[in-house]
There are 2 protein chains.
Amino acid sequence: MTKNYASEISSPLSSNHEDYLKAIYILETRGEQVTNSALSEYIGFTPASATNMVKKLAQMDLVIYRPHQAVALTPTGRRVALEILRHHRLLELFLHQTLDIPWDSVHEEAERLEHVLSEALEDAIAASLGYPKVDPHGDPIPSKNGEISHTPGHPLSQSEAGRAYRLVRVLSQEKERLAYLGELGLQLNVEVFLREQAPFDGPVLVEVAGEEHALAADMAALLQVVPASAE
Amino acid sequence: MTKNYASEISSPLSSNHEDYLKAIYILETRGEQVTNSALSEYIGFTPASATNMVKKLAQMDLVIYRPHQAVALTPTGRRVALEILRHHRLLELFLHQTLDIPWDSVHEEAERLEHVLSEALEDAIAASLGYPKVDPHGDPIPSKNGEISHTPGHPLSQSEAGRAYRLVRVLSQEKERLAYLGELGLQLNVEVFLREQAPFDGPVLVEVAGEEHALAADMAALLQVVPASAE
DNA sequence: CGTAGTTTTTAGTCATGGCTAAATTGTATC
DNA sequence: GATACAATTTAGCCATGACTAAAAACTACG
Ligand SMILES: [Mn+2]
Ligand SMILES: [Mn+2]
Ligand SMILES: [Mn+2]
Ligand SMILES: [Mn+2]
C-alpha cells in the first residue's frame, strides 16, 4: 500500500487530485477565499476543469462544495492535503540535505515525488533527517498525525532598521527568485542586518555576510525574520 | 524537463508506456521470444491491452510490431528501456544503502519512483553512491549512455559441491523469496559453502555464516555465484 | 432596480488506456 | 489437408479528466 490516507477514502486519488487538495489547503492558509478562479489559476487548469474536479472531490467527501461559494476542505480532505504537504516538504529537505539539490530546484522535484512516496519511505526519510520541523524554505513540515506548527517571524519589510535578524522563512517557491536570494547569501537561518528601510514602500538595504545589498519592497516582504538576539 | 530521452520521442510517455518498454527489454534479455501473451502476463494487463499498447509504441518507433510476431525494441525503444532500468536499479541501491530499506522492499518502491526521476536527480543519486555498477540484487546498472555490462557467475545449482562461492546475483524480485533468503543470511556478496548437491534436481545443502540450510533446486538455480577464491 | 461585466457552471468534445467478448489467425495433430 | 485448440487481434465499451464554448448566476454601479 502506498498512502496513509488510503483507509479513509473510497477510490484512489490521482496526482492531480492530490495537487488540488494541496492547493486548496495552501489557499485556505493564506486567509483568502478559495474561489474557483483562484484555485484554477493556482493549479494551472481552466476554471471548467477546476469545477469538475471540485465536484468529484465533494462526492468523495474531501471538500465541501456549494455552487458559487468558496470551496473548503473537510476534515478528511485536510488530512490528505497535509499528508501530501508532509511528503513534499520532507522531500525538499531530503533532496537538499542528502543529495545537495539547490534550494531553488527542490520544489519542482518534490512536486512529482510527493505522489509516489509510500509510508515506509516517508518514515525512513523523516528518520534519516532526524524528524525535522521545517523544510529548506522554512515552511513547517506537518507531523504524521496532521499537526502543523505556526512559524514565528515577521516580514523583513516591517522590521526595525539598525538591527540584526535571522532569516527563518521565505514565502516564495519561484525558482529564479530563490536562486537570486541564494546568490546574495540569503539562505535559511542566515543573519541579516537591516541597515535602512526606505519610506513609501521603498527598497531596503541589508548586510549579509559582510556584503551590502538593496532589496525591493516586495522581495523584502517575502523574507520572514526573527531578531538575531534570540539565539 | 524530466527525462533524458525526451528529445528522441514525439509525445511524452506515461508510466505504463515506460513499464511496457522495460518489460520488453527484460523479456528480450531472457532470450525468450517476446510474445504478446508473455508480455501481457509480465505486465499484468490483458492480452488485448498489450496489443493495443504495442501498436502505439510501434507508431512512436519504439518497437517493431508485425501482427502475430514477437515484438522487438527499436534502438530508441531500447534507449528508453535502459534509462528507466537505470533509474530503477539506482533507486533500489539508493533506498537500500541510504535509507536502509530492506532488499526485499526496494523493488516495489523503485517501480513507482523510476518514472518521476529527473536527470538532475538521477545524476545526484549516482554520484552520491559513487557511480555503482550493480543494484542490491546484483543486477547490472546501465550506464548513462545505455551500456550495460554482463554479470559474471553461474547458478549455485550447477556448481561443484565441496567448494566456497560468493553470491553475486539473485535472479528474483519476489518479496517473500528475497525476505526468506535474507533470513538465511543470503545477501549479496555473502560467502556460501556448497556442502552437498542432491541428484535428480534435488535440494542443495549450503553453509552460510556458520549455519547450514537446505535449498530447493529451483531456489538454488536463482542464486548466481562465483568461486570465493576469486577475491 | 436594471443592466453590464465578471465569475461560475453546464454541455459537449476529445484522447487515453484499461476492459470483455467475439472474430480471426496460427499451430499441431490426425 | 481438415479440424481442434491456442494465441492474437479486432470491435466496442467505459471511466477519467483535460478542453472550449455557451449558458447561467452572481455583483456592482448608475
Ligand atoms: Mn504535485
Ligand atoms: Mn518549501
Ligand atoms: Mn514502473
Ligand atoms: Mn534489482
[X] [atom1] - [N] [atom2] separation (whole Å):
{"X": "B:M60", "N": "C:dT16", "atom1": "CE", "atom2": "P", "value": "9 Å"}
{"X": "A:I43", "N": "D:dA18", "atom1": "CD1", "atom2": "P", "value": "7 Å"}
{"X": "B:M53", "N": "D:dT10", "atom1": "CE", "atom2": "P", "value": "17 Å"}
{"X": "B:E41", "N": "D:dT8", "atom1": "CD", "atom2": "C1'", "value": "15 Å"}
{"X": "A:K55", "N": "D:dG17", "atom1": "NZ", "atom2": "P", "value": "15 Å"}
{"X": "A:H17", "N": "D:dA15", "atom1": "NE2", "atom2": "C1'", "value": "11 Å"}
{"X": "B:Q69", "N": "C:dT27", "atom1": "CD", "atom2": "C1'", "value": "14 Å"}
{"X": "A:F45", "N": "D:dG17", "atom1": "CZ", "atom2": "C1'", "value": "9 Å"}

Q: Could you tell me whether B:K144 and B:E119 make a salt bridge, using a distance below 4.0 angstrom between a side-chain N and a carboxylate O?
A: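 B:E119 and B:K144: salt-bridged.
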Q: Identify which nucleotide among D:dT10, D:dC26, C:dT25 has an atom closest to any side-chain atom of A:H68, counting heavy atoms from C-beta outward.
A: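 Comparing D:dT10, D:dC26, C:dT25 against the side chain of A:H68, the answer is D:dC26.
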Q: Classify the ring geometry between A:F94 and B:F94 as parallel (under 30°), tilted (30 to 60°) or perpendicular (over 60°).
A: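 Plane angle over 60°, so perpendicular.
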Does [X] make a side-chain N or O approach to OP1 or OP2 of [N] shorter than 4.0 Å?
{"X": "B:N52", "N": "C:dG18", "answer": "no"}
{"X": "B:Y65", "N": "D:dT9", "answer": "yes"}
{"X": "B:S49", "N": "C:dG17", "answer": "no"}
{"X": "A:S14", "N": "D:dT16", "answer": "no"}
{"X": "A:N16", "N": "D:dG17", "answer": "no"}
{"X": "A:S37", "N": "C:dT7", "answer": "no"}
{"X": "B:T51", "N": "D:dT10", "answer": "no"}

Q. Which comes earlier along DNA chain C counting from the 5' end, the contact point of B:K56 or that of A:T35, where each point is its nearest nucleotide?
A.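 Result: A:T35.
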Q.
Tell me if the aromatic rings of A:H115 and A:H87 count as close, with their centers under 6.0 Å from one another.
A.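 Centroid distance A:H115-A:H87: not below 6.0 Å, so no.
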Q: Tell me what A:A50 touches on the nucleic acid: a base, only sugar-phosphate, or nothing, going by heavy atoms under 4.0 Å.
A: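 A:A50: no heavy atom of the nucleic acid under 4.0 Å.
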Q | side-chain contact (heavy atoms from CB on, under 4.5 Å) partner of A:P136, the single match among A:E92, A:Q187, A:H107 | A |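 Option passing the side-chain contact (heavy atoms from CB on, under 4.5 Å) with A:P136: A:E92.
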Q: Check whether any side-chain N or O of B:R89 sits under 3.5 Å from a backbone N or O of B:P142 as a donor-acceptor pair, and report yes or no.
A: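 A pair under 3.5 Å: no.
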